[in-house]
2 protein chains.
Amino acid sequence: MPLGTTQKHLTIGELAQRAGVGVETIRFYERKGLITQPVRPAAGYRAYPQDVVARLGFVHEAKQLGFTLKEIRNLLTLRDSPQTDAAAVRGRAAAKLAQIEDGINRFQRMRVTLQDLLSRCPGSGELNKCSIVEALSVSAPQPAKRRSRGTRGFPMKTIDLTIQGMHCEGCAKTIEALLATEPGVKSATVSYGSGSARVLFDPASVDLPRLVKAVERAGYRVPESR
Amino acid sequence: MPLGTTQKHLTIGELAQRAGVGVETIRFYERKGLITQPVRPAAGYRAYPQDVVARLGFVHEAKQLGFTLKEIRNLLTLRDSPQTDAAAVRGRAAAKLAQIEDGINRFQRMRVTLQDLLSRCPGSGELNKCSIVEALSVSAPQPAKRRSRGTRGFPMKTIDLTIQGMHCEGCAKTIEALLATEPGVKSATVSYGSGSARVLFDPASVDLPRLVKAVERAGYRVPESR
DNA sequence: CTTCGGTCTGTACTACAGTACGGAGTCAAG
DNA sequence: CTTGACTCCGTACTGTAGTACAGACCGAAG
């Protein structure tokens, strides 16, 4: 048995091991107020009660959900005080959800643009023919601030299109990217195996014949069945 | 007219204005190697040719696509040398796309968990009845290191699963997110209209019965056809 | 000729989540 | 009683993308 009287207490190293983090991290969390300074019986060595392991588990889980350490500290403070109402915690979680959804939307926009650029860039050859360099070189920097979001509320629908003429997963990827660039299309997945495309779109603004034409222009066939 | 002989050259302030960034930012980019030190005719003042505006536009656009400044510097270096092949740029863009898709998946997993927690937490009342606090308090930290990347090279395949019991697009979204959290699943799209899920997965690591079970646990039926 | 704004350099600071290190002290086992 | 592992504290450093500021210098207009 190490120090800390019985097995009722843990040294910082033991705690770190059980919590799956580094020793330095625990002291860092202490500085940040996530865990309180434990009692120090033996010559200044920290002696932790076991429930701190669970506390660190809480920190770990909350981190997985995207909470920052500062937010986790607040969450823990709420949890520690018995008169806290669940609504307080719920509110924090809802706010974090909103943040995450914002993040997803930002990423999704990048993804669509990149897919589009990739689909139009030849695999090799002269640089100035590459859509990527070209698109980025479009100099349209705003001297003033620009704000213009929108697209809240989602009456999104899904549709499947049969596609003929694909000969590998690569073709599927190409069509996917191509569809994603069309106005009104939120996302598109194409399966080579089943020879079909699934498109998530806004029925108010999408132009179906246009989508079909775009796919056909790329060298594939879209039978008019649906 | 300010200094810099004619309007052929810009002072740092003018450049900053046209590019829509701060003066400090331009000098910061210079330190980072994104733009080269311009000539200094008048008493050490930087005099920029106009094409630097476009260069800063490139930086701005690339940032929007998620490239870091370091990556943008490499992109610019490629663009600056005439013998660069488009494949080099394409490769960078493809890598960034993969990173972004990773990010989307991570966020999506957070989103699902948070939505789930929120749906089960009462709007108010005693804290210990709140699913959020409860779920986070589950102490299951790994004592050992967990490393298990891999997944480079992509023998990804697509599969369609029939799903019964959905009653709106919301159900589809739920299943989508749920599938995305399973190991080996790269992405999943579910169509309420056609009652099926399309899963992009790594055949080497995915556990199909596990996926089916996950969907069934959520209250839907998956006929064993395929 | 003075003043006001712009520019110069270098360093320090922000947020985020840790990691690393030096030098000292301590614990338990051989 | 020595050795090796552990712990202490404080500070400095990582990477990302800037922002802020001090003190000096410069150019043009009143």
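In the text below, chain A, chain B and the rest are named by the order of the sequence lines, each starting its count at 1.
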Novice: Any side-chain N or O of B/Arg31 below 4.0 angstrom from OP1/OP2 of D/dT16?
Specialist: no
Novice: Within 45° of the axis and under 6.0 Å from the centre of the six-membered ring of B/Tyr45, does NZ or CZ of B/Arg40 qualify?
Specialist: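 Judged by the rule, B/Arg40 and B/Tyr45 form no cation-pi pair.
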Novice: Can a cation-pi geometry be assigned to B/Arg92 and B/Phe67, taking NZ or CZ under 6.0 Å from the six-membered ring centre and within 45° of the ring axis?
Specialist: no
Novice: Quick one: is B/Arg46 getting a side-chain N or O under 4.0 Å of the C/dC8 phosphate, OP1 or OP2?
Specialist: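 So the side-chain polar atoms of B/Arg46 do come within 4.0 Å of the phosphate oxygens OP1 or OP2 of C/dC8, strictly under.
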Novice: Taking atom P of C/dT19 as reference, at what distance in whole Å does atom CD1 of A/Ile12 sit?
Specialist: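 About 13 Å, once rounded to whole Å.
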Novice: Taking atom C1' of C/dT7 as reference, at what distance in whole Å does atom CD of B/Gln37 sit?
Specialist: 13 Å
Novice: Measure from CD on B/Gln17 to P on C/dT7 and round the result to the nearest Å.
Specialist: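 In whole Å, C/dT7 P and B/Gln17 CD are 10 Å from each other.
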Novice: Nearest whole Å is fine: how far is D/dT16 C1' from B/Asn74 CG?
Specialist: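 For the pair B/Asn74 CG and D/dT16 C1', the rounded distance is 15 Å.
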Novice: Near DNA chain C, under 4.0 Å by heavy atom, which residues of residues 65-72 of chain A?
Specialist: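 Within residues 65-72 of chain A, the residues near DNA chain C are A/Thr68, A/Leu69, A/Lys70.
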Novice: Just by modelled atom types, is the B/Leu34 backbone N or O under 3.5 Å from a matching donor or acceptor in the B/Arg55 side chain?
Specialist: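 Confirmed, B/Arg55 side chain pairs with B/Leu34 backbone.
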Novice: Any donor-acceptor pair under 3.5 Å joining the side chain of B/Tyr45 to the base of C/dC8?
Specialist: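 No.
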Novice: For B/Arg120, is there an ion pair with B/Asp116 - N to carboxylate O distance below 4.0 angstrom?
Specialist: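 A salt bridge links B/Asp116 with B/Arg120.
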Novice: Run the side-chain contact (heavy atoms from CB on, under 4.5 Å) check on A/Asp85 and A/Leu78 step by step: do they pass?
Specialist: CA-CA 8 Å; A/Asp85 191 277; A/Leu78 287 175; over 6 Å; no
Novice: Mind grabbing the angle between the end helix axes of the helix from C/dC1-D/dG30 to C/dG30-D/dC1? Five pairs an end, 10° rounding.
Specialist: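 One end's axis against the other's: 30°.
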Novice: Expressed in angstrom and rounded to an integer, what is the separation of A/Leu56 atom CG from C/dA17 atom C1'?
Specialist: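 That distance rounds to 15 Å.
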Novice: Calculate the interatomic distance between A/Gln99 atom CD and C/dC16 atom P; express it in whole Å.
Specialist: 11 Å
Novice: Using side-chain contact (heavy atoms from CB on, under 4.5 Å) as the criterion, point out the one residue from B/Leu97, B/Ile100, B/Leu65 that pairs with A/Thr113.
Specialist: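 It is B/Leu65; the other options fail the test.
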Novice: Mind checking what makes ring-ring contact (aromatic ring centres under 6.0 Å, His included) contact with B/Phe107, not counting sequence neighbours?
Specialist: A/Phe107
Novice: Flag the pair A/Arg73 and A/Asp80 as a salt bridge only when some basic side-chain nitrogen lies within less than 4.0 angstrom of an acidic carboxylate oxygen.
Specialist: no
Novice: By the definition side-chain contact (heavy atoms from CB on, under 4.5 Å), identify the one residue from B/Val39, B/Thr11, B/Leu15 that meets it with B/Tyr48.
Specialist: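 With B/Tyr48 as partner, B/Val39, B/Thr11, B/Leu15 yield a single side-chain contact (heavy atoms from CB on, under 4.5 Å), made by B/Leu15.
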Novice: At a heavy-atom distance below 4.0 Å, what parts of residues 22-30 of chain A sit against DNA chain C?
Specialist: A/Glu24, A/Thr25, A/Phe28, A/Tyr29
Novice: Please test A/Arg46 against A/Glu30 for side-chain contact (heavy atoms from CB on, under 4.5 Å), starting from the C-alpha separation and ending with a verdict.
Specialist: CA-CA 11 Å; A/Arg46 292 168 178 83; A/Glu30 192 179 289; 2.9 Å; yes
Novice: OP1 or OP2 of C/dG6 sitting under 4.0 Å from any side-chain N/O of B/Thr11?
Specialist: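 Indeed not, no polar side-chain atom of B/Thr11 lies that close.
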Novice: How would you list, by chain and number, every residue that makes a side chain to side chain donor-acceptor pair (under 3.5 Å) with A/Thr68, sequence neighbours excluded?
Specialist: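 Here the qualifying residues are A/Glu71.
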Novice: May I ask you to say what B/Lys63 touches in the nucleic acid, namely base, sugar-phosphate or nothing, with a heavy-atom cut-off under 4.0 Å?
Specialist: sugar-phosphate
Novice: Going by the rule salt bridge (Lys or Arg N to Asp or Glu O under 4.0 Å), which residues pair with A/Arg27 if we only count those two or more places apart in sequence or in a different chain?
Specialist: A/Glu24
Novice: In whole angstrom, what separates A/Gln64's CD from C/dA17's P?
Specialist: 13 Å
Novice: Measure NE2/A/His9 against P/C/dC27 and give the value in whole Å, please.
Specialist: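 That distance rounds to 16 Å.
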